[in-house]
Amino acid sequence: MRLRHIKGAEEEIAESPYVVQDPQSLKGKWHEFFGNDNPIRIEVGMGKGQFIIEMARRNPEVNYIGIEKYSSVLVRAVEKLEDFEQDNLRLIRMDAENIEEVFDKDEVDRIYLNFSDPWPKDRHAKRRLTSTRFLERYDNILTPEGRVMFKTDNKDLFDFSLEQVEEARWILENHTYDLHHSEYNEGNVMTEYEEKFSAKGNPICRLVAYRHAK
Ligand code: SAM
């Protein structure tokens, strides 16, 4: 049963015009692919896609790419795109560990990390999407003014991420332990996890970081 379910997801993904099947072939050519010079913003670990689809709807002058590791999850985003009529969004099924194979230096303007998996065991810290190891990867694809924006309700992961930003010598532009009651909440688009956890009363933390002085 499980295998049949996954096979169905993979077929749906393979047939979707929104899923880029061979993203490595577009490294350095994403602007050409979108046919414009609009900024390219990606969400790593987009899950079922609520955030990135709404961002693309609201901002047609920005190109968005959602990245998700698992077909069984990505297919839920594909299904949400049935009535989507814009050309500024694509999805990729891949492990973000290989992100430098897909995007070139200076190609990405913003990286969104939303409710990333916490990997609570110390020995798995390098797998956290805000670890210095991942920040190095992001460094190799972001524009000089590019930002990483990270939201989570997991305070331990958030504090770890603040430390990693400092260790990597990135610059913390701003941060809050309660996004929804802060000055930064205007225009905030909620993710699936954000809706779920804020409904339980968990405050949402958010940080914005970049590498170069303005
Ligand atoms: N961003 C969504 C949200 O806020 O509702 C989903 C959050 S969910 C906790 C984290 C998602 O990130 C999962 O769907 C997981 O499969 C994906 N993910 C985790 N590590 C990843 C990686 N290395 N590359 C791509 N996706 C990853």
Side-chain angles (χ1 to χ4, degrees), residues 2 5-6 9-10 12-13 18-21 23-24 27 40-58 64-81 89-103 108 110-121 123-142 147-158 160-161 164 176 179-180 184-185 187-200 202-208:
R2 190 155 176 265
H5 172 70
I6 290 167
E10 277 164 4
E12 228 174 297
I13 287 167
Y18 291 103
V19 180
V20 178
Q21 309 294 340
Q24 285 89 348
K27 178 173 175 172
I40 293 172
R41 300 185 172 170
I42 68 177
E43 184 184 8
V44 176
M46 67 158 178
K48 297 176 188 169
Q50 173 172 304
F51 171 84
I52 196 101
I53 295 170
E54 181 56 22
M55 291 296 279
R57 277 208 173 96
R58 287 190 192 186
Y64 291 93
I65 301 172
I67 293 173
E68 170 54 47
K69 191 167 165 180
Y70 294 110
S71 307
S72 56
V73 184
L74 184 128
V75 73
R76 301 294 164 225
V78 169
E79 286 162 358
K80 287 196 180 98
L81 289 170
L89 174 65
R90 291 295 185 279
L91 309 177
I92 301 175
R93 197 209 60 73
M94 66 174 280
D95 189 323
E97 285 194 7
N98 306 316
I99 205 159
E100 293 148 295
E101 292 171 19
V102 168
F103 298 102
V108 174
R110 194 170 295 175
I111 299 174
Y112 295 103
L113 306 171
N114 292 320
F115 297 80
S116 308
D117 295 333
W119 293 106
K121 290 183 182 150
R123 69 173 193 277
H124 292 146
K126 286 182 179 170
R127 297 185 191 174
R128 297 174 194 152
L129 295 180
T130 49
S131 63
T132 54
R133 195 163 153 184
F134 270 96
L135 292 175
E136 266 174 45
R137 294 178 175 123
Y138 306 150
D139 192 17
N140 289 326
I141 65 170
L142 273 176
R147 265 47 178 173
V148 166
M149 300 179 85
F150 171 53
K151 290 195 280 192
T152 183
D153 70 320
N154 184 318
K155 195 169 169 297
D156 288 344
L157 179 64
F158 192 66
F160 166 85
S161 306
Q164 296 289 285
T176 171
L179 174 65
H180 294 177
Y184 307 117
N185 195 45
N188 179 50
V189 170
M190 298 244 261
T191 79
E192 271 109 346
Y193 273 67
E194 186 170 356
E195 280 184 352
K196 191 166 92 181
F197 291 124
S198 58
K200 284 187 185 172
N202 298 6
I204 306 302
C205 308
R206 194 193 75 166
L207 70 80
V208 181

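Indexing begins at 1, ligand by ligand and atom by atom, following the structure's order.
Among all non-hydrogen protein atoms, the one lying nearest atom 7 (C) of ligand 1 is F115 O, 3.5 Å. Remark: minimum distance from atom 19 (C) of ligand 1 to any protein heavy atom is reached at D117 OD2, 3.1 Å. Regarding atom 24 (N) of ligand 1, its nearest protein heavy-atom neighbour is A96 N, 2.9 Å. Scanning the protein for heavy atoms near atom 3 (C) of ligand 1, the closest one is T191 OG1, 3.4 Å.
A cation-pi contact, defined as under 6.0 Å to the ring centre and within 45° of the axis, is absent between K155 and F158.
Residues R76 and E79 are paired through a salt bridge, judged by an N-O separation under 4.0 Å between the basic side chain and the carboxylate. Salt-bridge check for K48 with E195: failed, with every basic side-chain N at 4.0 Å or more from each acidic carboxylate O. Remark: E54 engages R58 in a salt bridge, criterion side-chain N to carboxylate O under 4.0 Å.
In summary, the atoms of ligand 1 found under 4.0 Å from a heavy atom of N114, numbered by their order in the structure, are 1 (N), 2 (C), 4 (O), 7 (C). Close approach of ligand 1 to G47 is summarised as follows: ligand atoms under 4.0 Å from at least one heavy atom of the residue are 6 (C), 14 (O). Within ligand 1, counting atoms from 1 as listed, the ones closer than 4.0 Å to a heavy atom of D95 are 22 (C), 23 (N), 24 (N). Each of the atoms 1 (N) of ligand 1 lies under 4.0 Å from some heavy atom of E43. In summary, the atoms of ligand 1 found under 4.0 Å from a heavy atom of Y70, numbered by their order in the structure, are 16 (O).
Side-chain contact between Y138 and L113 is present, with heavy atoms from C-beta onward closer than 4.5 Å. In this structure the side chain of I99 never reaches within 4.5 angstrom of the side chain of I111, judged on heavy atoms. Taking 4.5 Å as the limit, some side-chain heavy atom of Y64 sits within range of a side-chain heavy atom of Y112. With contacts defined as side-chain heavy-atom distances shorter than 4.5 Å, the pair K126/F134 does not qualify.
Going from atom CG of N188 over to atom NE2 of H180 covers 5.0 Å, rounded to the nearest 0.5 Å.
By heavy-atom distance, the residue among G66, G45, P118, A77 lying nearest atom 1 (N) of ligand 1 is G45. For atom 2 (C) of ligand 1, the nearest non-hydrogen atom from the set M94, M46, E192, M190 comes from M46. Between atom 17 (C) of ligand 1 and the options K48, K69, E68, Q50, the minimum heavy-atom separation is to E68.
Using 4.0 Å as the threshold, E194 has no heavy atom nearer than that to any atom of ligand 1.
Contacts with ligand 1 closer than 4.0 Å are made by heavy atoms of both the backbone and the side chain of Y193.
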